[in-house]
Amino acid sequence: MHSINTTYLKKPKIISSWIWKQIKNKNDDNNTKQIIRFFTSTTEIQNANKRYADIVKTIPSQLSSYIGGSSSETIQTSNESFDLEDAARGTKISTILEASSGDIQDAVNNAKEAQQEWASYTSLDRSRILMNAGQMLKEQTELFAELECLDTARPFNETLYGDIKSGYDCLEYMSGLAGTGLNGVSVPLESGNWGYTRREPIGVCVGIGAWNYPLQSAVWKSAPALAAGNSIILKPAPETPLTALELAKLYIDAGVPSGCVNVVLGRGEVGHQLATHNDVGKVSFTGSIETGRLVYQNAAKTMKQVTMELGGKSPLIIFGDSNLNDAVSAAMMANWYSNGEVCSNGTRVFVEENIKDEFLKLLIQRTKEMKIGDPMNIETEVGALISKQHFGKVSNYINIGVEEGADLAYGGVVDNSDLIDDEVLQNGYYIQPTIFNNCTDDMRIVKEEIFGPVMSLLTFKTEEEVVERANNSTYGLSAGVFTSDIQRGHRIAHKLQAGTMWINNYNLAPVELPWLGYKSSGLGRENGSTCLLQWTKEKSIYVEMNGIECSYK
Ligand code: NAD
């Protein structure tokens with residue numbers, strides 16, 4: 001814990017003078033305490049409480065898999081179950097009944113049968129149905145945003161304005177590709193012979209997701225899979241099943257045949273059974289590199305196609321000629337968004353030496369103003385981490401950073417009572433944005449993925465030096481560069497070993513651009529105009545227009 005300097009504190013507009021005085025007193029009296037950042041209006045607290053109560057009411061006490069177009073009262077489940085937790089409050093929301101081997105087989109059987117029907121639709125009909133699904137998701141933005149917020153403990157502000165739009169953008173884009181993007185080619189050959197290629201669906205595909213963006217992950221896998229005429233079985237992360245279940249129902253209501261989209265609930269073993277099933281043709285996986293390697297190895301046994309969207313430890317390079325405020329905005333978006341639980345986060349922030357002090361001052365000043373608290377409150381900017389276990393991991397890295405000798409410039413692990421004043425949130429897993437200054441490339445906090453709001457600041461002197469240091473990582477998911485010299489921006493973008501790059505921005509993922517990782521961060525891609533190819537098998541057909549010339553009598 002470090003002391004705070006109240007001169008940085010600015011009175012927010014929405015807070016009454018009396019409350020502000022209490023906060024100032026609290027901090028001035030005891031400078032080891034962090035500021036209570038949850039300045040919010042009474043109206044928004046009431047709205048958040050109502051939003052929470054209303055959405056929790058809709059969650060059944062037991063959740064089970066969605067197979068063949070119906071939820072699982074009708075299907076067999078294993079005896080295994082585990083709790084679904086609200087990480088913002090540290091309370092149980094529901095019990096998840098884990099899918100049994102029988103359920104998994106049932107899902108595959110349903111998916112196999114339904115895929116035949118779906119593949120027989122014209123591509124234009126599939127396109128119309130996906131467009132329908134996109135429109136329906138748009139209409140249900142609030143419901144999905146609330147479920148996603150409850151499940152992930154990420155701010156409602158993000159799920160409402162970011163996640164759901166990303167979902168319907170993808171559905172509408174894939175609808176367009178379904179109508180136009182699956183044509184083969186005609187190839188003229190010798191003597192009037194010719195050949196052509198067909199793009200055929202793979203069949204039954206599996207989508208295994210991580211817990212940070214469960215809806216986005218489910219849509220980014222299911223929409224292209226369906227657009228290409230496949231069926232899909234989704235296995236959301238055990239911590240976050242709610243929006244995938246709701247999405248599967250939405251697809252069926254939009255016109256996708258029952259059985260074409262199934263959701264199988266469970267932990268790693270369930271994912272393993274799906275990813276090794278003989279009748280599954282493709283596995284699209286989002287998660288850690290360690291699990292990804294295992295899934296890739298297992299998929300190889302039956303030569304399945306794979307897409308791997310894995311972890312990162314991305315560099316964000318800021319040159320002295322950058323617009324300082326924009327560069328600080330980018331560093332904040334690259335580290336604090338979604339409580340820091342973003343695969344592409346630019347957590348290695350390289351700042352040119354001559355502007356580092358000014359950069360850090362502004363960064364701390366703006367970070368201090370962020371509101372930590374109830375994710376359901378529209379004014380909250382930092383919610384809770386996903387679980388107690390993950391809280392332990394992130395806290396441990398903060399301790400490691402201190403032990404390694406990095407300067408804790410802001411943040412650190414503190415008691416909830418020093419961070420948020422709402423009683424019901426005291427058992428949630430909150431960590432404030434944390435900035436380490438004067439880091440070195442060999443520190444663990446600089447090399448390893450933390451997946452929480454922990455930023456490492458490093459300095460550099462030359463372009464050549466920073467490119468080499470930025471590339472010195474086994475990860476290669478993303479990277480960013482800030483400079484007003486546009487030629488330098490492009491030059492660096494070409495040299496950095498990363499699948500997704502931003503020049504003068506960070507962490508945007510429009511569906512029109514492919515999303516992919518280099519090196520250990522991934523294989524294959526999601527989104528972009530060619531992504532449907534990854535959900536098809538290509539067939540090459542030779543057409544003989546003459547008699548056969550045979551070499552034998
Ligand atoms: P994880 O690897 O622990 O789990 C991911 C999924 O795999 C879960 O659904 C889990 O149940 C399942 N799983 C576990 N063992 C399995 C097995 N043996 N076979 C099949 N499935 C199995 O990852 P996580 O902690 O849920 O997610 C965090 C990680 O995801 C971070 O590393 C993050 O960077 C990465 N991520 C990457 C992207 C991307 O687009 N590149 C996006 C989001 C998250």
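Small disclaimer: the values here were computed from a predicted structure and weren't measured. All ligand and atom numbering here is 1-based and tracks the order in the structure.
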Any idea which protein heavy atom is nearest [atom], and the distance to it?
atom	answer
atom 32 (O) of ligand 1	Glu449 OE1, 2.7 Å
atom 17 (C) of ligand 1	Gly268 O, 3.6 Å
atom 11 (O) of ligand 1	Lys235 NZ, 2.9 Å
atom 3 (O) of ligand 1	Thr291 OG1, 3.9 Å
atom 7 (O) of ligand 1	Phe285 CE1, 3.2 Å
atom 27 (O) of ligand 1	Ala210 CB, 3.4 Å
atom 35 (C) of ligand 1	Gly287 O, 3.2 Å
atom 24 (P) of ligand 1	Trp211 NE1, 3.5 Å

For residues Trp336 and Met370, report the shortest heavy-atom separation together with the two atoms involved. CD1-SD, 3.2 Å
Sidechain N-carboxylate O distance under 4.0 Å for Glu341, Arg154: no
Heavy atom under 4.0 Å from ligand 1: found in Asn298's side chain, backbone, both, or neither? neither
Checking Tyr173 against Trp220 for the ring-ring contact (aromatic ring centres under 6.0 Å, His included) test, could you report, in this order, the C-alpha distance in whole Å, the side-chain angles of both residues, the deciding distance, and whether it holds? CA-CA 11 Å; Tyr173 185 77; Trp220 283 14; over 10 Å; no
If you measure from each heavy atom of Gly517 to ligand 1, is any distance below 4.0 Å? no
